Amino acid sequence: MTTTVPITLTINGALHQAFVQPWHTLLHVLRDVLHFTGTKRGCNQGICGACSVIVDGEVVRGCLSIAANCQGRTITTIEGLANGNTLSNVQQAFLELGAVQCGYCMPGMIIAATALLKRTPKPTEEEIREGLSGNLCRCSGYVKVVRAVQVASERGTS
Amino acid sequence: MNPYIHPVGARLPRLETREKITGRAEYTDDLVRPGMLHAAILQSPHAHARIISYDTTRALAVPGVIGVITGDDAGWGRSGPFVKDETAIAKGKVRYVGEPVAAVAALDVDTARQAAQLIDVVYEELPAVFSPDEALAPNAPIIHEELATYVNVLGLPVRGNVLQDCEISQGNVDSAWGECDVIVEGEFETQAQYHAYMEPCAALAEVDANGKLTVWSSNQSIFRDQSNLSESLGLPMSKIRCLSPKVGGAFGGKIEITVQPIAAMLAIKTGKPVRIALTREQDMETMRVRHPARIRMKTGAKKDGTLVAREVDILMDVGAYADDSPGVVGVSTVFSRGTYRIPHARCRGKGVYTNKLRSGAFRGFGGPQAAWAGEQQIDEIAAKIGMDPLELRLKNAPEPGREWMCGIELERSDLKECLEKVRAASDWKRRRNEKGRPGFRRGIGLACIPHISGVLSSSAIIRILEDGSAVLSTGAVDNGQGSDTVLVQMAAESLGLPVDRITFAQPDTDASPYNWGTSASRVTYMVGRAIVGAAEEAVKKLIKYASQMMECAEVDLELRLGGFIGLKGVPDKVLPFAAISGYAHWAAGGPIIGTHALHYDGPVLDPTKAVIKHFPFRFGVWTFGVHAVEIEIDEATGRITPLAVWAAHDLGRAINPMAVEGQIEGGVVQGIGYALFEEMVWDGGKVANPSFMDYKIPGTMDSPMEIHSILVENPDGSGPFGAKGIGEPPIVGPAPAIANALFHATGVRLTKLPMTPERVLRALNEAPRAH
Amino acid sequence: MQIAETFAVAAPIERVWRFITDPATVAPCVPGCQSYEVLTATSYKATIQIALGPIKTNFNVIVDLTKAEPPTYLASTARGEEGGKASTLTAKSELRLLANGPGATTVSYASEVALVGRLGKFGLGMMKKKAKSIGEEFAVAFRTRVEAETASQGGTAGEVLSADNAQAGA
Amino acid sequence: MKFYQPTTLKQALKVLANEDDARCLAGGATLVAMMNANLLAPSALVSLSAVKGLAGITRRKNGSVTIGAMTRHQAVADTAALDGGQRLVREAAALIGHPAIRNMGTIGGSISHADPAADYPTALVTANATVTIENSRAKREIDAQNFFTGYLETALEPGDIVVAVSIPAGVAGAGSAYEKFARVQGDFATVSAGVVLALEKGVCRHARIAVGGCAATPIRVAAAEAKLVGSRLQDSAVAAAGVLLAAACDPIDDFRGSSEYRLMILPTILARAVSKARVRAETVS
């Protein structure tokens with residue numbers, strides 16, 4: 001027997017409703033039901049970080065969050081960071097520093113960096129590496145990613 | 001200098017960056033078509049078995065299931081680059097655990113996955129082989145009984161389970177050993193490495209009312225997809241259109257077919273668009289790995305450090321299907337010579353089928369395996385004759401104007417410059433004398449990297465639009481390395497247009513000119529040359545029409561920056577491209593189009609000067625690199641921590657230095673993963689660690705932040721703006737450089753990759769405590 | 001996955017052979033064995049429950065005896081699947097008995113076990129430990145049973161054993 | 001599959017008592033990963049997110065600290081209340097996975113899963129923690145050491161929920177440390193060690209040690225602790241303790257390291273934990 005669960009989520013400032021199965025993850029609902037496809041599926045095991053989203057102010061794994069358990073929560077995805085055509089500080093720094101290659105890990109990486117800077121506005125290099133340690137990238141070697149977060153931090157939040 | 005006027009050499013962010021950082025870039029699994037179905041596969045539980053029958057009744061009875069395919073739906077068409085041995089889905093036999101045997105299309109992915117498990121397949125198990133040694137044993141089970149009847153493009157002498165057997169030799173090795181004062185000899189082993197592109201393989205297929213198949217997929221070549229699909233599905237290529245949305249990394253793993261035939265078969269069967277995206281586990285169980293290899297090598301030198309002879313035997317595990325293996329085995333065999341002048345060399349490579357996941361192209365393409373052995377032996381010789389390993393390498397570096405290998409003379413050779421720059425930047429001498437903190441050892445080691453860019457064919461079309469902007473069409477797929485941007489930079493530079501006045505046409509087999517693929521570090525070099533040629537033709541035509549408009553001779557006209565043709569010596573006498581293009585469209589009856597196509601035409605291995613047997617490529621323009629890696633070793637746990645890397649590469653000219661650095665930094669870290677811990681492990685025939693939980697790749701905390709990219713820019717005569725490719729070489733250096741650093745720090749040498757803490761600690765414990 | 005185990009039984013080799021080739025005595029010693037059914041003289045079917053932490057599974061296993069050289073060597077294959085075919089198991093096993101004097105036998109076996117599907121995703125290391133502990137439990141149960149029966153030949157526990165046998169065979 | 005979102009513990013326990021094969025959903029970090037891998041498909045999920053009173057860290061007058069089962073790893077890692085002999089629990093929490101995992105995972109969920117390579121089990125056994133368990137009939141407390149019974153196996157019975165973990169104040173002036181060796185940052189431990197020490201004029205007067213990743217459960221050996229007590233924690237004493245612990249361990253062979261390798265480095269990891277704990281104990285005393 002299955003039970004469909006109705007949920008309401010605030011995603012990037014707008015209310016969304018969906019009917020979900022108990023085993024559906026937030027990642028599934030974001031991507032396959034509500035079509036917020038910016039959030040990526042890389043491993044579905046909570047290891048790679050491509051599915052990182054911010055739920056009630058904290059970065060979590062979309063693939064390990066049960067959607068039904070997110071009822072009423074406020075979610076920020078990669079689509080919600082820019083203000084119109086104005087990129088967020090983190091996005092702008094990633095762009096300028098050339099931190100982006102294939103881009104598949106980048107939504108999760110940028111979400112994790114955004115959450116990191118919210119918690120620690122002026123992180124050390126070590127704190128940046130630790131803060132992004134759960135986001136795998138196979139292209140960049142991380143050097144430019146870490147530098148981009150440093151630059152974003154120097155420019156202040158937002 | 002304004003990068004938008006002079007784009008070549010500019011640190012330009014990738015053109016598509018905004019899409020990627022706002023979540024708007026579309027990858028295959030993000031695409032949706034009306035009525036689209038979702039697919040899932042059933043995988044073989046056996047390493048080697050005959051398929052007796054299928055029963056799909058239970059799967060088809062699941063509500064929401066629309067269609068099922070099995071080997072019965074596939075024809076006997078076989079695809080592949082060199083030896084065509086792969087059907088669209090397993091048919092007749094399965095040859096490795098995890099091989100797709102059937103697939104389901106359903107309304108949602110949960111249903112498809114559940115139903116796939118309900119397909120009943122009856123197998124007759126066959127004996128299986130899991131290593132080249134087992135596969136070469138007398139009476140070993142034959143994995144492809146009909147191998148001799150397969151299409152074999154280059155006529156490789158296949159037999160039994162042997163797919164490839166090549167040789168590249170010159171001089172007289174047997175007598176040369178007598179000239180050597182020092183000889184080192186050893187056996188080296190390398191492991192299977194998983195590409196670990198962050199985007200698992202995915203495809204979306206749709207059939208239109210005329211039966212034309214369109215396939216979007218994560219790939220490295222829409223043309224290879226089209227050809228592979230045609231071969232395996234038995235459809236004419238005119239009925240197949242392949243497209244590439246954004247690709248989330250590939251590294252060689254997506255150059256040949258992935259899941260496109262499965263999506264296509266289901267789309268054909270159901271008449272609906274079908275999307276399939278592998279789970280990470282499935283991707284690790286069914287795609288590709290870097291060839292595990294065993295390398296026997298012997299190198300001899302005189303006591304002054306002059307290298308005299310080298311003999312190499314490379315044995316590679318091909319896995320169940322040939323894929324790019326003949327290429328990888330061949331290239332590894334050439335690269336096993338290293339970057340040195342060695343007058344006497346006998347290098348042989350053998351690729352053998354086993355009942356395992358196929359090995360395929362992977363960044364470096366046989367180079368990492370060869371360098372793992374070869375660069376350690378160079379260090380061993382240096383240690384034996386008491387010479388600095390950097391000096392030894394300098395002494396044997398190729399020189400321009402002298403034959404280097406197999407008839408090849410290099411126009412330039414920048415290995416010496418790379419070595420000198422690494423020596424200076426790393427403060428080599430000081431670091432060679434540095435001691436570790438208590439409980440730790442510190443060492444620095446070197447590796448030289450030979451590589452090529454080039455191979456096969458590319459083309460480009462540049463059309464000048466009515467408003468004077470241009471559209472560039474090349475068919476080259478950007479896997480994330482930034483080729484779209486670099487190609488646009490070269491087109492913009494050639495046309496004197498700002499970058500934002502060039503449109504990069506997305507690859508489409510219906511519309512794009514041919515490009516073999518995004519591989520072999522060839523896009524910048526080969527496609528770049530095609531672009532330069534196409535731009536030259538376009539400019540020539542612009543000048544022709546401008547001369548008609550301005551009523552002057554063509555020779556008096558010139559290309560001016562910003563999209564103008566001007567009269568030489570008269571600064572204000574100009575015509576904008578828009579005006580010329582407008583004239584061409586109406587007065588001449590059509591747009592200005594420049595085209596250029598080329599096959600690789602650079603230096604080739606000369607069969608009159610060396611023994612060259614069964615080597616599948618004409619080959620490419622040589623490029624060299626030098627890596628130095630400084631490491632720290634925890635004496636108590638054996639863990640190696642790379643502290644800093646100096647990576648010098650002679651890339652001719654950096655079209656986009658920021659993108660080049662990205663290639664070097666990324667390649668180095670992928671190489672560090674290969675060096676220290678990445679290893680695909682099999683339990684019998686089954687991949688035992690098909691997840692990121694068990695198979696680890698480096699994260700931020702496992703990667704050095706100090707990666708010093710040293711761009712040695714001496715323009716190559718044949719390259720576009722002097723450029724050569726840089727995609728692959730950076731992955732080759734870290735493993736041997738770290739091994740040499742380990743030896744420097746501890747006197748211990750590891751011959752087996754990866755250098756896990758356990759292997760290091762055991763070696764340290766077994767070594768005499770001399771240090 | 002390779003599993004090997006050696007244990008000693010204080011009973012003559014012929015008796016150990018008789019017991020180890022009789023599903024009625026072997027099945028109850030297999031940890032988690034819920035039921036078994038004799039199909040032919042050389043094959044039988046069993047339902048075995050295996051628990052791995054939170055994961056509980058029932059495997060339907062068919063065992064075929066492929067070669068017997070009484071009283072020292074027995075080869076068998078086993079194949080089975082979980083309900084819903086989420087996992088499949090195949091095993092090739094060899095069993096060797098060695099007489100260690102008149103009343104003692106050394107039993108050793110080696111199995112090559114392949115587990116694919118969902119349980120194949122379970123950590124290999126933990127799986128091996130699990131297999132080892134199952135093997136050890138089996139050894140203890142089997143030894144206890146054979147030794148008890150051997151002792152009962154001396155006239156102590158005959159009724160108990162036959163009652164057990166009846167139950168196991170039912 | 002059914003989904004329940006009780007708001008009180010009583011409701012949650014009732015559902016668990018009535019539903020066969022229901023699973024509590026805490027942070028999801030482990031359970032959902034297993035569901036995604038198709039390893040588990042429970043009949044029902046009982047979310048504990050809305051249950052009042054299960055999250056939070058309380059310091060009692062007697063110095064003990066009680067951590068509600070639904071407390072996230074990050075909250076434990078951030079709490080300064082865990083100090084002295086309790087500090088290693090905070091240190092262990094900070095080493096679990098990565099930031100996003102620490103924002104999701106809970107102490108109750110982690111210990112209920114009982115992976116011997118996880119960080120909490122070893123830290124809690126070292127800190128002599130007590131696990132409070134409740135079911136629809138009763139509430140009971142059990143020592144962490146007795147809570148972990150095997151690979152992924154605990155003393156939990158069907159219908160039980162871990163509601164809290166309490167860490168006693170322990171010996172006055174104690175210092176503690178948790179040391180972990182893993183393949184890459186954030187991975188489960190290849191070997192880990194927890195140490196609580198108290199010193200008097202450089203002499204160890206109290207020691208409690210556990211090692212993780214080396215057996216089905218965290219391993220404590222009284223004789224190993226006895227080697228330290230009364231010593232000045234010189235290398236030979238610590239090494240002797242390491243040897244005794246290694247003798248009691250039976251590690252698995254897996255991708256994190258062979259059984260032998262784990263035993264090879266165990267004394268080193270222990271020694272590193274001891275030396276860190278010692279510095280801390282010296283600072284306290």
Side-chain angles (χ1 to χ4, degrees), chain A residues 1-7 20-28 41 43-73 108-109 111-113 115-116 118-120 123 126-136, chain D residues 1-7 15 19-51 70 72-75 77-78 94-106 109 113 182-188:
Chain A
M1 181 196 138
T2 63
T3 316
T4 305
V5 186
I7 56 167
V20 303
Q21 299 297 334
W23 63 83
H24 281 161
T25 61
L26 180 59
L27 175 65
H28 171 82
R41 181 185 286 114
C43 73
N44 226 25
Q45 289 290 304
I47 315 282
C48 78
C51 65
S52 301
V53 290
I54 296 172
V55 176
D56 289 346
E58 283 181 335
V59 60
V60 301
R61 299 284 200 237
C63 75
L64 297 183
S65 303
I66 290 292
N69 211 28
C70 296
Q71 161 57 27
R73 294 186 199 236
M109 190 72 84
I111 284 283
L116 166 72
K118 206 175 153 215
R119 190 179 146 90
T120 315
E126 193 66 8
E127 284 169 329
I128 295 171
R129 291 170 74 190
E130 159 60 30
L132 300 180
S133 62
N135 291 77
L136 297 176
Chain D
M1 194 185 290
K2 289 184 250 181
F3 185 78
Y4 296 95
Q5 186 124 47
T7 54
V15 176
E19 277 280 350
D20 214 25
D21 194 30
R23 297 248 145 218
C24 286
L25 175 64
T30 304
L31 177 64
V32 181
M34 291 178 95
M35 286 167 57
N36 287 351
N38 205 18
L39 277 167
L40 277 182
S43 65
L45 290 181
V46 184
S47 167
L48 301 181
S49 302
V51 173
M70 284 295 284
R72 314 274 159 182
H73 305 329
Q74 192 60 52
D78 286 345
L95 288 173
I96 302 174
H98 307 287
I101 297 295
R102 294 196 289 273
N103 287 337
M104 303 182 72
T106 65
H113 182 60
R183 291 174 298 172
V184 296
Q185 169 89 8
D187 191 15
F188 282 81

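Numbers restart at 1 for each chain; the letters A, B, ... are given by sequence-line order, proteins then strands. All figures in this text were calculated on a predicted structure; none of them were measured in a lab.
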Legend entry - Heavy-atom closest pair, residues A:Ile128 and A:Leu116: CA-CD2, 3.8 Å
Inset, instruction - Go through D:Asp78, D:Asp187, D:Val184, D:Leu31 and name the one with the most non-hydrogen pairs under 4.5 angstrom from chain A. - result: D:Asp78
Legend entry - Closest contact, heavy atoms only, A:Cys63 versus A:Gln45: SG-N, 3.8 Å
Legend entry - Side-chain donor or acceptor of D:Ser43 paired with backbone N/O of D:Asp20 under 3.5 Å: yes
Legend entry - Straight-line distance of A:Arg41 CZ to A:His28 NE2, nearest 0.5 Å: 7.5 Å
Inset, instruction - Under 4.5 Å heavy-atom distance to chain D, tell me which part of A:Val5 shows up: side chain, backbone, both or neither. - result: side chain
Legend entry - Contact class of A:Arg119 relative to chain D, heavy atoms under 4.5 angstrom: side chain
